[in-house]
**Q** 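One structure coming up, written as structure tokens, with questions to follow.
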2 protein chains.
Amino acid sequence: MLKKPRGRPRAYDPDVALWQALETFWANGFSRTSLDALAEATGMNRPSLYAAFGDKKSLYLKSFECFAGQLRAALARTAQSDAPLDTTLREFFYEAIEIYMSGADGPRGCFIICTAPAEAAMDADIRAALKAALAEIDEGLEIPFAKAKAEGHLPPDADTAALARLAASVLHSLAVRARAGETKEALHTLARQSVQSLC
Amino acid sequence: MLKKPRGRPRAYDPDVALWQALETFWANGFSRTSLDALAEATGMNRPSLYAAFGDKKSLYLKSFECFAGQLRAALARTAQSDAPLDTTLREFFYEAIEIYMSGADGPRGCFIICTAPAEAAMDADIRAALKAALAEIDEGLEIPFAKAKAEGHLPPDADTAALARLAASVLHSLAVRARAGETKEALHTLARQSVQSLC
DNA sequence: ATGATTTTTTGCGAATTGGTACAAAATGTT
DNA sequence: AACATTTTGTACCAATTCGCAAAAAATCAT
């Protein structure tokens, strides 16, 4: 049933190329990343990049959305965890730290927290994407707190939204700290101690 | 005793010009800010900018240091406060929020947290400056916690360094949220609730 | 074989970018 | 007045940047 489309076949896989672009933006931020760098990373010439993804900002926003998708998946796994709240939270942070510390040339922190703010004050689209991502993190992190409260592991008057936002603040901080070069041990310590304070 | 220097007098005040450059970098980030934009903001031609401040990155780092100086002053005021810990912390956050929400064209968050990470992965000097600033925030915020502990307002086994780092995380988060366009009320709420959790 | 479609390649253009050389301007010193 | 010093202003440069037009390549459909 898979009908071969007409025309010259693509020399790239769109998902692979998008990930390669994302990695380039992740390391360099939006403005510092040139079309030449994206072309080199993806092996595509500039007209092909434009044809496949649109202009530079469109490609950035698609990369942002791709990264946000992975964040969404991590939040969903955290929401579905049956482990105790502190274990759930700690594992979420540890997983984030793994991603933040990854990078061929060193730690990159979080794509969203580390590259979008620089652009956000002057670009309404990037600002909106950032704001939406922050809200998703807040909402996603509230679920394990609400579950723990419903199961009696938190006081009945605990403000789960407030706790979630505090936990999200820890995530933002881990992101920036990783990019600044703090050690993995320091990040783990902050994660552990924050979980202790929150639970 | 003030001897008039030889040569043509300067047409600018270095401190004023530096602040103007800082504001431009604050809104646009490092890479998005052009020399023309800096020249326009300061009223100086490019050769004059180079003569006064060095190249673009030098000017950015000088701006960073200028902003860090103001942060240092705010931390010092917080360290010297005689108010109760929760009041001290809340006022520190409220003051930060005022700065983060300032801006002729909208909120800019924190110069350091919102502009340096984008560059930090690929520029060791900016990364080092960011890391140093993060450490200063951690250390500065530990002082009120240590005071409160010494005065018996915190349990004797309270880990003041951990609490300070959690408070610093809130500050980082406020910075990013402000830049993303969250409301002042939402930021105040996060600040208040975090202080409640921390004290 | 021809035509239609899709993608790649090559080459290009206008604008911008960071940085600099040098002459002119504006002062103090001798 | 001539010279030395400091700063400004003008003009320029090489390189880079983003985006695009058009031809060539590679396929399927008739």
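Computed from heavy atoms alone, side chains included, the values below leave out hydrogens, waters and symmetry copies. Residue numbers start from 1 in every chain, and the chains themselves are labelled A, B, ... in the order their sequence lines are given, proteins ahead of strands.
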**Q** Tell me whether K149(A) is salt-bridged to E142(A), with the criterion being a basic N under 4.0 Å from an acidic carboxylate O.
**A** no
**Q** Within this structure, what is the CG-to-P distance between L59(B) and dG19(C), rounded to whole angstrom?
**A** 11 Å
**Q** Within the structure shown, what part of the strands sits under 4.0 Å from P47(B) by heavy-atom distance: base, sugar-phosphate, or nothing?
**A** base
**Q** Under 4.0 Å between any heavy atoms, over every strand shown, what does S31(A) touch: base, sugar-phosphate, or nothing? Just pick one.
**A** nothing
**Q** Strictly distance-based, threshold 3.5 Å: is any side-chain N or O of R46(B) a donor or acceptor partner for the main-chain N or O of A39(B)?
**A**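 Flag not set: sc R46(B) to bb A39(B) has no pair under 3.5 Å.
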**Q** Rounded to whole Å, please give me the gap between CZ in R10(A) and C1' in dT5(C).
**A**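 Rounding to the nearest Å, CZ of R10(A) and C1' of dT5(C) are 13 Å apart.
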**Q** Starting from C1' on dT20(C), measure out to CG on L35(B) and report it in whole angstrom.
**A**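 So the CG-C1' distance, L35(B) to dT20(C), works out to 12 Å.
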**Q** Find which nucleotide of DNA chain C each of D36(B) and P9(B) is nearest to by heavy atoms, and output the residue with the more 5' nucleotide.
**A** D36(B)
**Q** Nearest nucleotide by nearest heavy atom, which residue falls closer to the 5' end of DNA chain C, P5(B) or K56(B)?
**A** K56(B)
**Q** Please report, rounded to the nearest Å, how far the P atom of dT9(C) is from the OH atom of Y50(A).
**A**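 Those two atoms, OH and P, are 17 Å apart.
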**Q** With heavy atoms of chain A within less than 4.0 Å as the criterion, where does contact along DNA chain D begin and end?
**A** dT17(D) to dA29(D)
**Q** Without decimals, in angstroms, what is the distance between N45(B) CG and dA25(C) P?
**A**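 To the nearest whole Å, that distance equals 15 Å.
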**Q** Between atom NZ in K57(B) and atom C1' in dT17(C), what is the gap in whole Å?
**A**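 These atoms are roughly 17 Å apart.
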**Q** Quick one: which of dT5(C), dT10(C), dG18(C) gets closest to the side chain of R6(A)?
**A**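 Selected nucleotide: dT5(C).
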**Q** Side chain of R46(A) only, please: which of dG18(C), dC12(C), dT6(C) is the nearest?
**A** dC12(C)
**Q** Under 3.5 Å, is there a donor-acceptor pair between the side chain of R165(A) and the main chain of L190(B)?
**A** no
**Q** Given the ring of F30(B), does K57(B) sit roughly above its face, with NZ or CZ under 6.0 Å from the centre of the six-membered ring and within 45° of the axis?
**A**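 So K57(B) doesn't make the cation-pi contact.
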**Q** Could you check if a side-chain atom of F25(B) sits within less than 4.5 angstrom of a side-chain atom of T115(B), using non-hydrogen atoms only?
**A** no
**Q** How many Å lie between NZ on K4(A) and P on dT7(C), as a whole number?
**A**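 Roughly 14 Å, once rounded to whole Å.
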**Q** Taking the side chain from S173(A) and the backbone from S169(A), do they hold a donor-acceptor pair closer than 3.5 Å?
**A**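 Not at all, since once roles are kept as given, no pair shorter than 3.5 Å links the two residues.
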**Q** Please state how far atom CZ in R8(A) lies from atom C1' in dT7(C), giving the value in whole angstrom units.
**A** 6 Å
**Q** Looking only at side-chain N and O atoms, does S48(A) come under 4.0 Å of OP1 or OP2 in dT7(C)?
**A** no
**Q** Using 4.0 Å as the upper bound for N to carboxylate O, is an ion pair formed by E91(B) and R77(B)?
**A** no
